[in-house]
Structures are given as structure tokens and as C-alpha cells.
2 protein chains.
Amino acid sequence: MRIGEVAERAGVSVRALRYYEEQGLVVAARGAGGQRDYSDSDVERVKFIQLLYAAGLPSKAILHILPFLDTLVATLEMTQRLTKERDRIQARLHDLTRARDRLDELIGFAAQYTESSTAQCPPRVHAPA
Amino acid sequence: MRIGEVAERAGVSVRALRYYEEQGLVVAARGAGGQRDYSDSDVERVKFIQLLYAAGLPSKAILHILPFLDTLVATLEMTQRLTKERDRIQARLHDLTRARDRLDELIGFAAQYTESSTAQCPPRVHAPA
DNA sequence: CTAGAACCTCACGTCGGCGTGAGGTGCAAA
DNA sequence: TTTGCACCTCACGCCGACGTGAGGTTCTAG
């Protein structure tokens with residue numbers, strides 16, 4: 001399977017896949033002529049990488065986690081890393097939730113001055129909380 | 001109130017505060033001698049900015065949201081922006097949750113091969129899900 | 001009055017995850 | 001055989017939120 005198809009299936013750019021290889025995250029075999037040759041499991045691997053990127057992990061952290069996917073052998077250090085990253089994500093979930101709730105609060109306020117008319121309504125200006 | 005105290009109270013660096021001013025997020029008055037002069041409400045403002053930064057909003061987005069805090073007047077456009085950012089955050093919450101759950105899954109696997117011994121245990125190598 | 005914090009303004013450095021050419025090669029179809 | 005698309009390797013560009021000096025001023029305590 002060539003790089004273009006992997007890109008499409010995994011929903012990433014070709015450039016991204018080359019970058020992943022550069023970082024040692026997904027190392028493809030090479031066919032005659034030097035073209036990258038991916039397997040089906042590589043597609044899953046890429047999807048997993050995307051998942052972790054989306055969670056804000058830097059490539060080095062991912063690099064330390066991936067070997068576990070291959071071997072399913074966990075050293076103590078690896079389990080600790082996994083847990084550490086999980087906790088980080090959990091913390092970010094807290095931050096994001098706080099931010100969302102705060103925005104919801106503001107949107108609630110805003111609704112009072114916006115919703116019923118298409119034009120502008122003259123408001124009372126006062127200090128917020 | 002001078003910049004150092006604001007930094008400490010809001011839990012950010014002095015540099016960050018100057019950067020916020022550069023971006024138009026928090027514009028402090030100036031005392032004789034050119035030193036920045038902040039008010040108590042500026043501290044709250046900075047905390048709010050931090051909240052939004054922590055949620056991944058870029059400074060331009062924050063810049064568009066802040067006027068609402070001052071005036072409590074919401075144009076339609078502003079309400080839309082607020083809602084848009086809220087939805088973004090919601091989407092990220094989904095991503096992060098997925099990632100966390102996946103990691104929990106892996107940690108569960110890892111526990112089987114790590115927990116009871118300090119040394120390494122010879123495992124069976126097979127393909128993961 | 002004087003030391004030494006704390007402040008000021010440039011202005012360049014950083015880091016990560018790619019985007020984006022430039023210039024050349026491989027491969028399948030007509 | 002020739003088109004033409006997909007692929008290849010450099011290698012520089014980018015953007016945002018500051019960090020980090022450099023070199024000078026202001027404020028406060030003794």
C-alpha cells in the first residue's frame with residue numbers, strides 16, 4: 001500500500017506521514033524504487049497517533065508509548081508514562097470544562113440582550129461578576 | 001498596582017502581561033515614569049484570559065470576546081463568536097475523552113503484565129485490537 | 001545618597017507539526 | 001513511447017505564546 005492511500009484512509013496529509021517517519025513513529029518498508037510500502041496495521045497505527053496528537057501529546061511522548069502497541073509488553077516505566085499522560089489529559093479535561101462552563105455563562109447573559117431582535121437593542125451597561 | 005504584583009496574583013509571568021498588552025488584551029494605564037498601573041479588575045481579566053488560553057483559544061479570538069466582558073453588550077456577531085468557541089471546546093472535549101479512554105484501555109492491558117512483579121515477565125506477543 | 005530591586009523597551013530565539021515549493025524519479029495506461 | 005500522476009528528497013517558511021538577554025530608568029529602603 002502506498003503513501004497516498006494511507007493518507008486518505010487515515011485522514012492525514014502525505015506530508016504528515018513522512019513527518020511521522022522522520023520522527024520514528026511509523027517506519028514504512030521500501031519497495032524497489034524507494035517508494036514507501038505500508039501495511040494495513042500501519043493505517044491503524046496512524047489513526048492512533050492522530051488520537052494522541054489530538055490530545056496534545058508531543059511526538060516524543062507518543063514515541064515512548066508506541067512500542068507498547070507493538071509488543072504489548074509493558075515495563076514499569078512504560079506503564080508509568082501511560083498513566084502520566086492519562087493524568088495530563090484528565091487535567092486538560094478539567095481546564096476545558098471550566099472554560100466551556102464559563103462561556104456558557106456568558107452566552108446566557110448575552111442571550112438577554114440579543115435573542116429577540118435582529119437589530120440592536122439599547123442595553124443597560126453595568127459591571128459584570 | 002504594578003506589573004509584578006499582577007503577575008503573582010494572576011499566576012502568570014511579567015513577560016506574559018506585557019505580551020497581553022501588545023495584543024491589546026489588557027491595556028494598563030501608565031503612572032509618571034512610564035510604569036504600568038493595573039487595577040484589581042485587571043487581575044480578574046488576566047485570569048479570564050488564562051482560562052481561554054488554557055482552552056486553546058488564540059489571542060485574536062480572545063480579543064473578540066473580551067469587549068463583551070467590559071460592556072455586557074452583545075452584538076449578534078459576538079454571540080455567534082461565543083457560541084462558536086464554545087462548540088470548538090466541546091469538540092476538543094470529545095477528542096480528549098476518546099484519547100483518555102483509549103489510554104485507560106491500554107493501561108488495563110499493561111497492568112496484566114506489570115503489576116505483580118518488579119522485574120520483567122516474559123509475555124505472549126500478539127496483535128492488539 | 002546610594003545600592004539594588006523592580007521596572008522599562010527593543011529585539012532575537014524557541015519549539016512543534018506540519019505547508020509548500022523546487023527539482024528529480026517511478027509506474028501505469030494509451 | 002509518451003504523457004501524466006504519484007512518489008521521492010532536501011530544505012526553508014510559518015505561527016503563536018512567550019523566554020531570554022541587553023542596556024537603560026525608576027522606586028524604595030537604609
Side-chain angles (χ1 to χ4, degrees), chain A residues 1-39 42-43 45-66 85 88-89 92 95-96 99, chain B residues 1-39 42-43 45-66 85 88-89 92 95-96 99:
Chain A
M1 189 177 185
R2 300 197 306 179
I3 200 171
E5 195 177 341
V6 179
E8 195 179 1
R9 282 207 210 175
V12 303
S13 71
V14 167
R15 173 63 173 118
L17 291 174
R18 297 206 185 103
Y19 175 73
Y20 296 164
E21 183 163 318
E22 206 176 309
Q23 303 302 307
L25 300 175
V26 182
V27 181
R30 298 295 181 120
Q35 301 207 340
R36 270 165 261 250
D37 185 18
Y38 293 91
S39 69
D42 286 332
V43 175
R45 195 183 178 87
V46 169
K47 286 182 183 173
F48 182 66
I49 292 174
Q50 281 296 109
L51 188 75
L52 297 186
Y53 269 132
L57 277 79
S59 51
K60 283 195 179 177
I62 299 178
L63 192 56
H64 285 135
I65 288 179
L66 278 175
E85 295 302 338
R88 254 176 156 58
I89 292 176
R92 288 230 60 201
D95 290 347
L96 285 174
Chain B
M1 188 177 186
R2 300 197 307 181
I3 200 171
E5 195 177 342
V6 179
E8 196 178 0
R9 281 207 211 174
V12 303
S13 70
V14 167
R15 172 64 172 120
L17 291 174
R18 298 208 184 100
Y19 175 74
Y20 296 164
E21 183 163 318
E22 206 178 310
Q23 302 302 307
L25 300 175
V26 182
V27 181
R30 298 296 180 120
Q35 301 206 343
R36 269 164 263 250
D37 184 19
Y38 293 91
S39 70
D42 285 334
V43 176
R45 196 183 177 84
V46 169
K47 285 182 183 172
F48 181 65
I49 292 173
Q50 280 296 108
L51 188 76
L52 296 186
Y53 269 131
L57 277 79
S59 51
K60 282 194 178 178
I62 299 179
L63 192 56
H64 285 135
I65 287 178
L66 278 176
E85 295 303 337
R88 256 172 149 63
I89 292 176
R92 287 229 62 198
D95 290 348
L96 285 175

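Chain naming here is simple, since letters A, B, ... match the order of the sequence lines and numbering starts at 1 in each.
Partners of Arg45(A) by side-chain hydrogen bond (donor to acceptor under 3.5 Å, both in side chains), not counting sequence neighbours, listed by chain and number: Asp70(A). Judged as a ring pair (Phe, Tyr, Trp, His ring centres under 6.0 Å), and not counting sequence neighbours, Phe48(A) has no contacts. For the side-chain hydrogen bond (donor to acceptor under 3.5 Å, both in side chains) test, no residue two or more places apart in sequence or in another chain qualifies with Arg15(A). For Asp42(B), the side-chain hydrogen bond (donor to acceptor under 3.5 Å, both in side chains) partners are Ser39(B), not counting sequence neighbours. Residues passing the side-chain hydrogen bond (donor to acceptor under 3.5 Å, both in side chains) test with Tyr38(A), sequence neighbours excluded: none.
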> How does protein contact run along nucleotides 7-23 of chain C, one letter per nucleotide 5' to 3', with B for base contact, S for sugar-phosphate only, - for none, heavy atoms under 4.0 Å?
Replying inline: SBB-B-----BBBB---
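Atoms CD (Glu22(A)) and C1' (dC8(D)) sit 14 Å apart, rounded to a whole Å.
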